[in-house]
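Reckoned from all heavy atoms, side chains included, excluding hydrogens, waters and symmetry mates.
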Amino acid sequence: MTTPALTYSDDQAAAFDSVAEMLRLAGIDLEDSLLMPPAGGKDQVMAVTGKAGSGKTLLLAELYKALEAAGVEIVSGDYESRKRKDKRSLAILAPTNKAASVLRLRGVPATTIHRILYTPVYDPEYERIAEWLAGNGERPVIEGMNEVSLDRAFAFYANNKSIPGALAAAGLRGSDFITGWKRREEPLDIGFVDESSMLDDKQFEDLKEIFPTLLLFGDPAQLAPVGQSGTMVFEKLPKGRVLNLSRIHRQQADNPILDLAHALADPDLTFEQFERMIEAASKKDDRVVWGQRVEVDLMARSPVLVWRNATRIRLINAFRAVHGAPEDALLEGEPLICDGIELPLKHRKKRLDLEARGLIKGAQVIYLGNGRKPGFSRLHVMGAEDPQISAASIVKIEKPDEEEPFIPFAARMGATFLHGAAVTIHKAQGSQWDTVQVFAPDLYAAARMGRSEAGQPLWKRLAYVAITRAQERLIWVVRNRLSKPTGVLRVDDLRAAPAAPLRLAIETEKEET
């Protein structure tokens with residue numbers, strides 16, 4: 001049985017041709033699968049924009065397949081083969097682990113921007129396996145590893161293009177084969193950046209330094225980064241360098257969530273009319289739910305999306321209260337959001353360790369329990385390729401009407417976390433969940449305030465971003481109520497592998513003495 005040929009829409013086909021021409025000028029001819037060494041000419045930047053359902057991800061995936069078929073090496077951020085002068089490479093990036101994991105689930109080997117800036121250093125013995133998997137060496141003979149393990153690694157890599165994942169499939173942990181991390185010194189070649197509406201000006205400049213050929217994919221209807229005055233980086237490109245896609249109805253047929261998202265483009269649509277549309281959709285399709293309360297069972301893995309911080313804090317405390325969480329401890333299974341790394345400059349290497357393993361600002365993690373030392377936590381980083389880690393943690397639980405958060409426990413330094421049962425819509429950008437709960441009273445408050453962003457009512461931008469986070473089901477919560485949990489928080493489904501320790505250098509020194 002053969003797979004039917006993909007048919008592009010007119011604007012997708014035009015965008016593909018424009019990108020192919022940009023690549024041809026960079027020395028890559030997709031039509032003839034001809035690769036020339038990098039010419040070192042003028043840097044090129046282009047953007048493909050469009051709202052949800054316009055086919056941006058499909059186009060990105062097809063361009064990736066065409067480049068790989070032409071012989072371009074894919075740089076995943078988890079391993080880079082030895083450099084050759086004539087080698088051409090492609091890196092597919094996203095601002096967050098969750099956004100990268102959305103692409104990986106669709107067969108696109110994406111990684112985070114942080115993971116490209118900081119690359120792993122492999123043990124020489126296991127580097128031979130990595131080179132073999134990448135197609136640059138013979139099948140190795142490794143002491144202590146049998147042929148069956150190597151076959152498992154090969155089969156995993158064939159489907160997922162992840163070196164750490166392949167080595168994990170062979171029975172190894174990250175700490176077995178990764179000896180450290182280093183900051184990138186040399187530039188790369190071609191970069192695709194998904195969810196580029198989340199980029200700020202500094203990140204954009206850094207990416208242009210690394211990639212002489214850069215292609216951005218973004219949604220102009222989303223929220224601009226805080227401090228960007230409602231402007232996204234691709235909106236500053238010359239007009240001819242921005243390719244806009246329209247919604248592809250035949251590929252997104254009968255999708256009530258996308259119908260609602262695109263209805264927000266109507267300048268005359270009021271909040272009350274939009275809510276009536278949601279209620280009508282909920283009566284016709286179970287993918288849209290008119291919710292009378294927040295479903296607490298969903299909050300552990302899919303946070304409630306809100307606009308106001310006060311609402312976020314109130315819902316988090318309600319979530320902890322109905323689960324009987326003590327004030328001085330976390331329950332296994334509680335969700336957290338990484339709020340940054342608090343380490344002095346002398347521990348810069350440890351900061352790279354934490355960030356490279358996925359603990360970057362905004363990362364969603366699940367608490368698995370206490371570590372072996374006070375202040376250490378065992379964590380599952382959602383969307384990370386190697387998700388199980390143990391790290392020094394500073395956990396902050398914010399309280400209503402209190403300026404300072406309550407800290408149930410903390411290491412002296414390490415990764416800082418806020419609770420993740422509810423998040424702001426701004427922070428949810430780039431993430432997707434099967435089911436998403438949107439707290440509608442917050443959006444009503446935004447509508448009543450009459451605020452605008454980049455010429456559009458703020459409530460519409462908030463609503464658009466919030467509902468397009470839902471992959472399968474949208475719950476529009478209209479009342480300030482919380483359900484009771486049907487059971488305890490669970491973590492058994494996340495314990496796929498033991499946590500690899502990430503210890504501060506100061507702690508290691510103490511142990512050695």
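- No side-chain heavy atom of K56 sits less than 4.5 Å from a side-chain heavy atom of L60.
- Contact record, S483 with R293: CB-NE, 3.6 Å, taken as the closest heavy-atom pair.
- Residues I113 and P95 come closest through the heavy atom pair CD1-CA, 4.1 Å.
- Contact detail for L315 and V304: the closest heavy-atom pair is CD1-CG1, 3.9 Å.
- At least one side-chain heavy atom of L368 sits under 4.5 Å from a side-chain heavy atom of Q388.
- Here the closest heavy-atom approach between residue K87 and residue E73 is recorded as CD-OE1, 3.3 Å.
- Under the side-chain contact (heavy atoms from CB on, under 4.5 Å) test applied with V48, the options F234, F217, F192 reduce to a single match, F217.
- Contact of the N480 side chain with the R314 side chain is registered, since non-hydrogen atoms from C-beta on lie closer than 4.5 Å.
- The two residues I278 and W290 come nearest to each other via the heavy atoms CG2-CE3, 4.0 Å.
- Taking the side chain as every heavy atom from C-beta outward, T111 and L93 approach each other to under 4.5 Å.
- At a cut-off of 3.5 Å, with distance as the only test, a side-chain donor of D297 or T486 sits close to an acceptor on the other residue.
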Please lay out, stage by stage, how F204 and V193 fare under the test side chain to side chain contact (heavy atoms under 4.5 Å, CB included).
CA-CA 10 Å; F204 184 42; V193 184; over 6 Å; no
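- With rounding to the nearest 0.5 angstrom, the CZ atom of R479 is 11.0 Å from the CZ atom of F439.
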In sequence, state the C-alpha distance, the side-chain angles, and the governing distance for D492 and R490, and then conclude on salt bridge (Lys or Arg N to Asp or Glu O under 4.0 Å).
CA-CA 6 Å; D492 56 298; R490 59 177 300 202; 2.9 Å; yes
Check step by step if salt bridge (Lys or Arg N to Asp or Glu O under 4.0 Å) holds for E62 and K65.
CA-CA 5 Å; E62 292 303 310; K65 292 175 186 176; 3.3 Å; yes
Run the salt bridge (Lys or Arg N to Asp or Glu O under 4.0 Å) check on R301 and D434 step by step: do they pass?
CA-CA 10 Å; R301 302 291 171 85; D434 285 343; over 6 Å; no
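- With contacts defined as side-chain heavy-atom distances shorter than 4.5 Å, the pair S377/L336 does not qualify.
- Annotation: the span from I389 atom CD1 to H380 atom NE2 amounts to 10.5 Å, rounded to 0.5 Å.
- Here the side chains of I92 and D194 are not in contact, with every heavy-atom distance at 4.5 Å or above.
- A distance of 8.5 Å separates CH2 of W476 from CG of L260, quoted to the nearest 0.5 Å.
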Apply side chain to side chain contact (heavy atoms under 4.5 Å, CB included) to the pair L223 and L458, showing each step before the final yes or no.
CA-CA 9 Å; L223 295 158; L458 176 62; 4.1 Å; yes
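- Looking only at side-chain heavy atoms (C-beta outward), D151 and R139 come within less than 4.5 Å of each other.
- Across every non-hydrogen atom of V436 and A466, the tightest pair is CG1-O, 3.8 Å.
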Going through the distances and angles, do D189 and V72 end up as a side chain to side chain contact (heavy atoms under 4.5 Å, CB included)?
CA-CA 10 Å; D189 190 359; V72 174; 5.8 Å; no
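- Counting heavy atoms of neighbouring residues, nucleotides and ligands inside a 6.0 Å radius, atom CD of E138 does not exceed 12 of them.
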Walk me through whether T435 and V289 qualify under side chain to side chain contact (heavy atoms under 4.5 Å, CB included).
CA-CA 10 Å; T435 298; V289 178; over 6 Å; no
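- Under the 3.5 Å distance criterion, with hydrogens and angles disregarded, no donor-acceptor pair is assigned to the side chains of N317 and R320.
- Atom CG of residue L150 and atom CH2 of residue W132 lie 5.0 Å apart, to the nearest 0.5 angstrom.
- Here the straight-line distance linking atom CD of E398 with atom NE2 of H419 works out to 10.5 Å at 0.5 Å rounding.
- E195 places none of its side-chain heavy atoms less than 4.5 Å from the side chain of V102.
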